[in-house]
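Shown next, in structure tokens, is the structure this report addresses.
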There are 2 protein chains.
Amino acid sequence: MSVGHIAVTTEPVVSCGGEHEDCGIREVLDRIGDKWSVLVVVELAQGMHRFRQLQRAVPGISQRMLTLTVRRLERDGLVSRTVHPTVPPQVEYELTETGHSLTHLVKALADWSAEHRDGIAASRRAWDTANPDSDIH
Amino acid sequence: MSVGHIAVTTEPVVSCGGEHEDCGIREVLDRIGDKWSVLVVVELAQGMHRFRQLQRAVPGISQRMLTLTVRRLERDGLVSRTVHPTVPPQVEYELTETGHSLTHLVKALADWSAEHRDGIAASRRAWDTANPDSDIH
DNA sequence: CTGAATCCCCTCAGATACTG
DNA sequence: CAGTATCTGAGGGGATTCAG
């Protein structure tokens, strides 16, 4: 991956057309950057889920936040919501095709995370020891 | 990209070892998920920046948030901070090798965003027309 | 120039209770 | 089961001020 001595890391030009405009990154980050969306997508990547099933699969999420999260994902066209007018009610959530394509991105995130989490943790410990008084968390 | 009729999208197994544990995704998301980090990284991807230079390059960011952002990035070992004890003071911020590797991830984010932003925007408009009364933003 | 410190607003997550 | 409605506290983040 990295050559070694010098950081010759081939660095992609990420700023859209050379300008520092907002691209559309923020639009994505506002969605996948929040606390729950990614976890929900990861769960839905394993197949269809009902509401409670989804809530149990994502430990710690509240009813309210699950509702808001799936609503926003549905609004963005990443998740489909199918209501079966039975009694008791039954609602099925599934990833759309776009939603599935997002899992590749999440995969990349997880990979990068797995590769660097130790280094990051070490760097944090070092920084914290070097800066005993600081509430930068 | 997509085949067509059916969503046969080859879907990566993103959940670490098959379990729904948190992996380390959250650790990354807590960093790149926040409002400014990505924008700062994108700017620094273009080379070394001084503090004010960086602030001017990231429109809208306050002194306070820039300070906090670069501190956290430094703590995580993504950004190096070099102080030149001159007068007036001069501080240089640069991406570390790890920081550079992150730009690839951001690139992937930008690419996915560019590819789907129109579809997402359309989906949002459709959802908003179908749900006139809703403050899900 | 590069910050640190303080104030303060305002969002938003969590808990709780209620409905169909 | 699958939500909605309401309240409240913590915290993110902007503006401003002070310091080296």
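Order of the sequence lines sets the chain letters (A, B, ...), proteins ahead of strands, with each chain counted from 1.
- Mapped onto DNA chain D by nearest heavy atom, A:F51 and B:M65 fall at different nucleotides, with A:F51 at the one closer to the 5' end.
- Look at NE2 on B:H84: it is 14 Å from C1' on C:dC1, rounded to the nearest Å.
- Inter-residue side-chain proximity for A:I32 and A:V106 is flagged as unmet; no heavy-atom pair is nearer than 4.5 Å.
- Between A:W36 and A:L66 there is no side-chain heavy-atom pair separated by less than 4.5 Å.
- The structure places CZ of A:R72 at 10.5 Å from OG1 of A:T67, a figure rounded to the nearest 0.5 Å.
- Contact check, B:Y93 against C:dC1: no side-chain N or O comes under 4.0 Å of OP1 or OP2.
- Between A:K35 and C:dC12 there is no side-chain N or O to OP1 or OP2 distance below 4.0 Å.
- Side chains of A:V91 and A:T82 form no contact here, defined as non-hydrogen atoms less than 4.5 Å apart.
- Proximity of A:R81 to the phosphate of D:dG3: a side-chain N or O atom is located under 4.0 Å from OP1 or OP2.
- Residue A:W36 places no side-chain N or O under 4.0 Å from the OP1 or OP2 atom of C:dC12.
- In this entry the distance linking CD of A:Q63 with P of C:dA13 reads 16 Å, nearest Å.
- In this structure, B:I61 atom CD1 and C:dT2 atom C1' are separated by 14 Å, rounded to whole Å.
- Within the structure, every side-chain polar atom (N or O) of B:R64 is placed at least 4.0 Å from both OP1 and OP2 of D:dG14.
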